[in-house]
Amino acid sequence: MTPPHTTPGRPLPRDRPDLRGIGGFPGPASGYDKFTLADDIKGIVEQAGADGPVLICGHDMGAYVGFAYALRHRDSATALVTVDAPLPGTQLGDSLATNPRTWHIPFHSNVDVAHLLIAGREREYIDYFVASRIYDRAAVTTDDIDAYAAAYRAPGALRAGLEMYRALSQDSVDNRAALAEARLAIAFTAVASGVTAVRPALEQMVGEVAEKGQVEIVDRAGLWIPEERPDRLAEIITDIAARAGHHTGTKEAG
């Protein structure tokens with residue numbers, strides 16, 4: 001998230017909030033639909049003292065939350081950037097549940113079974129999952145995998161992460177209802193992996209959710225664009241921030 005007015009030449013202010021349940025503190029038993037998570041983020045924005053609408057950028061599950069934020073708090077966002085995340089409630093996003101390549105979505109959505117099979121094997125599972133969707137394997141180190149595994153071993157963290165998948169069917173319903181009222185009027189950019197992206201499908205998705213939007217495909221990157229091509233992602237976000245009125249002289253991503 002970036003607020004709209006910053007001093008030229010200074011780094012672009014940004015907040016990178018943890019989603020409920022996976023920030024080191026056990027989360028509640030419910031409330032993992034993305035509209036509720038977007039309300040969490042809105043509270044963080046207000047607590048941070050943002051003096052106007054913010055640019056929202058999210059990757060993967062975080063992109064689903066960012067999209068929900070833009071739909072639910074339309075006057076509080078100047079632009080939306082999603083990173084490698086077909087959105088629930090769109091034709092592309094809803095097709096993932098039956099796509100063999102995205103087997104993890106129905107698996108994770110069956111929370112009790114997934115928890116039974118992953119708990120105690122967090123590192124092995126995360127290492128496999130990261131490797132299966134990466135282009136530059138060196139971009140995510142063994143230390144990174146150790147850190148991710150430790151985070152998901154925290155009390156309640158794995159279940160919280162899985163509950164976010166269980167809620168995707170409700171997210172689709174919520175998003176479709178919001179889009180039936182109006183598409184997003186703010187600028188929307190869908191950033192996608194050059195390894196897996198199908199531009200026509202992404203362009204259709206953008207058209208379904210926004211009045212004005214674009215697709216940016218990042219080559220030499222798999223799902224983990226922030227780790228594999230951080231400089232390119234920073235360029236994209238900084239350009240969008242400048243066009244949205246977030247004045248900055250830096251190339252850092254928010």
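Note that the numbering runs from 1 along the sequence shown for the chain. Values reported hereafter were calculated over all heavy atoms of this structure, with side chains retained and with hydrogens, waters and symmetry mates removed.
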Fill in: Any Val209 side-chain heavy atom under 4.5 Å of Leu179 side chain
yes
Any side-chain heavy atom of Leu202 sitting closer than 4.5 Å to one from Leu92?
yes
**Asked** Hey, are the side chains of Pro106 and Asn110 touching, using non-hydrogen atoms and a 4.5 Å cut-off?
**Response** no
Side chain to side chain contact (heavy atoms under 4.5 Å, CB included) with Phe188: of Leu87, Val81, Ile240, Ile56, only one passes, and it is Leu87
Are Tyr69 and Val45 side-chain neighbours, meaning at least one heavy-atom pair lies under 4.5 Å? yes
- [ ] Under the side-chain contact (heavy atoms from CB on, under 4.5 Å) rule, what do Leu223 and Asp60 come out as? Steps first, then yes or no, please.
- [x] CA-CA 8 Å; Leu223 172 62; Asp60 195 67; 3.9 Å; yes
Do Tyr128 and Tyr148 land in one hydrophobic cluster if side-chain heavy atoms of ILVMFWY residues count as linked below 4.5 Å? yes
Side chains of Ile236 and Val191, heavy atoms from C-beta outward: is any pair under 4.5 Å?
yes
_Whether over 12 other heavy atoms sit under 6.0 Å from Tyr152 OH_ = no
In this structure, CE of Met164 is separated from CZ of Arg159 (nearest 0.5 Å) by 13.0 Å
Considering only heavy atoms from C-beta outward, does the side chain of Arg166 approach that of Leu162 to under 4.5 Å?
no
For Arg137, is there an ion pair with Asp127 - N to carboxylate O distance below 4.0 angstrom? yes
Between Asp39 and His73 the two heavy atoms that sit nearest each other are OD1-NE2, 2.9 Å
So OG1 of Thr189 and CG of Leu55: to nearest 0.5 Å the spacing works out to 8.5 Å
What is the ring orientation for His108 with His104, classed by angle as parallel under 30°, tilted 30 to 60°, or perpendicular over 60°?
-> perpendicular
* To do: Decide side-chain contact (heavy atoms from CB on, under 4.5 Å) for Tyr165 and Val111; before the verdict, give the C-alpha distance in whole Å, the side-chain angles of both, and the deciding distance to 0.1 Å.
  => CA-CA 8 Å; Tyr165 283 89; Val111 173; over 6 Å; no
Ionic contact status for Arg153 with Glu122, cut-off 4.0 Å = yes
dist Ser193:OG -> Arg229:CZ (nearest 0.5 Å) comes out at 11.0 Å
* **Thr90 vs Arg176, side-chain contact (heavy atoms from CB on, under 4.5 Å): CA-CA, chis, key distance, verdict** => CA-CA 8 Å; Thr90 67; Arg176 286 180 180 273; over 6 Å; no
Value for OG (Ser169) from CG (Asp33), rounded to nearest 0.5 Å, stands at 10.5 Å
Test side-chain contact (heavy atoms from CB on, under 4.5 Å) on Val54 and Thr78 and set out the steps. CA-CA 6 Å; Val54 295; Thr78 57; 6.0 Å; no
TODO: Report yes if some heavy atom in the side chain of Leu233 is under 4.5 Å from a heavy atom in the side chain of Glu228; otherwise report no.
DONE: no
Looking only at heavy atoms, the pair that brings Ile22 and Ala160 closest together is CG2-CB, 4.1 Å
Would you call Arg133 and Asp84 a salt bridge, taking side-chain N to carboxylate O under 4.0 Å as the test?
no
Tell me whether Phe25 shares a hydrophobic cluster with Leu158, the cluster being built from Ile, Leu, Val, Met, Phe, Trp, Tyr side chains joined at under 4.5 Å. no
d(Leu71 CG, Asn175 CG) to nearest 0.5 Å is 5.5 Å
Nearest heavy-atom contact between Gly89 and Asp94 is N-OD1, 3.0 Å
Tightest non-hydrogen contact, residues Pro17 and Ile41, listed as CG-CD1, 3.6 Å
*asked:* Tell me whether Trp224 contacts the main-chain N or O of Val130 through its side chain, where contact means a donor paired with an acceptor under 3.5 Å.
replied: yes
- Message: Are Ile44 and Leu80 connected into the same hydrophobic cluster when the rule is that any two of I, L, V, M, F, W, Y join if their side-chain heavy atoms are below 4.5 Å apart?
- Response: yes
Side chains of Asp144 and Thr141: is there a donor and an acceptor less than 3.5 Å apart? yes
In short, Ala77 meets Ile186 closest at the heavy-atom pair O-CG2, 3.3 Å
Any salt bridge between Arg220 and Asp136, counting N to O under 4.0 Å? no
Going by an N to O cut-off under 4.0 Å, is there a salt bridge joining Arg232 and Glu235?
yes
Do Val198 and Ile217 belong to the same hydrophobic cluster, where Ile, Leu, Val, Met, Phe, Trp and Tyr are linked whenever their side-chain heavy atoms lie under 4.5 Å apart, directly or via other members?
no
Review point. Is the side chain of Thr36 donor-acceptor paired with the backbone N or O of Tyr32 at a distance under 3.5 Å, no angle test?
Key: no
Output for pair (Trp103 CH2, Ser132 OG), nearest 0.5 Å, gives 6.5 Å
Self-check item: Donor-acceptor contact below 3.5 Å, side chain Asp171 vs main chain Lys34
Solution: yes
Exercise for review: Would you indicate whether the side-chain heavy atoms of Phe107 and Ile118 approach each other to under 4.5 Å?
Suggested key: yes
>> Taking atom CZ as the centre, does Phe35 end up with more than 12 heavy-atom neighbours from other residues, nucleotides or ligands that are less than 6.0 angstrom away?
In response: yes
In terms of heavy-atom contacts, Pro88 and Tyr64 come closest through CD-CD2, 3.5 Å
_Flag if over 12 foreign heavy atoms under 6.0 Å of CD, Gln91_ = no
message: Check for me, please, whether Val195 and Ile225 land in the same ILVMFWY cluster - side-chain distances under 4.5 Å, paths through other members count.
response: no
Q: Say whether, by atom type as modelled, one donor and one acceptor occur between the side chain of Thr102 and the main chain of Ile105 under 3.5 angstrom.
A: no
